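Quick caveat: nothing in here was measured; it's all calculated off a predicted structure.
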Amino acid sequence: MPTPDISESEWTVMEALWESAPQTASEVTKTLKPTTKWAENTVRTLLTRLVEKAALKTGENPSGTRTYQPAVKREDCVRAESDSFLQRVFQGAAKPLLVHFAQNSKLTPDEVKELKKLLDQSLKS
């Protein structure tokens, strides 16, 4: 099954549910309210869209209230987003992407070492 196309707002909801699930719409709203200021109706709309996209599945808690939990893994969505970004911005070429980030990111010496290690491992496999 292909990974659903998730908007930025939907991604915010998914992050809350990847962090802790299942949750009710009210619980998701309470989690997101401090950073997003979204009303519960907004959160409910996003939850409905995510269920329609098969990114979330629903259930019920012991009191019979609808709950939501991810139907897709975060890692799978990250991979799909990364692939989409690479295709859109760099026409699928990884080298220009890596060069761009290496030149424009403030990498620590430890991050550079880790990146070198990953690239060396990539050559071996």
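- Of all non-hydrogen atoms in Leu107 and Glu111, the two that sit nearest each other are CA-OE1, 3.3 Å.
- With rounding to the nearest 0.5 Å, the separation of CD in Glu40 from CG in Leu32 is 11.0 Å.
- Residue pairs meeting the side chain to side chain donor-acceptor pair (under 3.5 Å) criterion with at least one partner in residues 85-96, sequence neighbours excluded, are Ser84-Arg88.
- Going from atom OH of Tyr68 over to atom CD of Glu27 covers 11.5 Å, rounded to the nearest 0.5 Å.
- The structure places NZ of Lys73 at 11.0 Å from OG1 of Thr3, a figure rounded to the nearest 0.5 Å.
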Which donor-acceptor pairs under 3.5 Å do side chains of residues 49-60 form with protein atoms, sequence neighbours excluded?
unit_1 : atom_1 : unit_2 : atom_2 : d
Lys53  : NZ     : Asp5   : O      : 2.8
Lys53  : NZ     : Glu10  : OE1    : 2.7
Lys53  : NZ     : Glu10  : OE2    : 3.2

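- Residues meeting the side-chain hydrogen bond (donor to acceptor under 3.5 Å, both in side chains) test with Arg66, sequence neighbours left out: none.
- Grouping Ile, Leu, Val, Met, Phe, Trp and Tyr residues whose side-chain heavy atoms lie under 4.5 Å apart, directly or via other members, places Phe90 in a hydrophobic cluster with Phe85, Leu86, Val89, Leu97, Phe101.
- Between Trp38 and Val13 there is a side-chain heavy-atom pair separated by less than 4.5 Å.
- In this structure, CG on Leu46 lies 11.5 Å from CD1 on Ile6, to the nearest 0.5 angstrom.
- Between Asn61 and Ser63, the side chains place a donor N or O and an acceptor N or O closer than 3.5 Å (distance only, hydrogens not considered).
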Could you pull out every donor-acceptor pair under 3.5 Å between side chains of residues 15-23 and any protein atom, sequence neighbours left out?
unit_1 : atom_1 : unit_2 : atom_2 : d
Glu15  : OE1    : Arg74  : NE     : 3.1
Glu15  : OE2    : Trp11  : NE1    : 2.9
Glu15  : OE2    : Arg74  : NE     : 3.2
Glu15  : OE2    : Arg74  : NH2    : 2.8
Trp18  : NE1    : Val72  : O      : 3.0
Gln23  : OE1    : Val28  : N      : 3.4
Gln23  : OE1    : Thr31  : OG1    : 3.4
Gln23  : NE2    : Ala16  : O      : 3.2
Gln23  : NE2    : Ser20  : O      : 2.7

Can you list, pair by pair, the side-chain donor-acceptor contacts under 3.5 Å of residues 114-125, counting residues two or more places apart and other chains?
unit_1 : atom_1 : unit_2 : atom_2 : d
Ser125 : OG     : Gln121 : O      : 3.3
Ser125 : OG     : Ser122 : O      : 3.4

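- Note that the OG1 atom of Thr42 and the NZ atom of Lys33 stand 8.5 Å from one another [nearest 0.5 Å].
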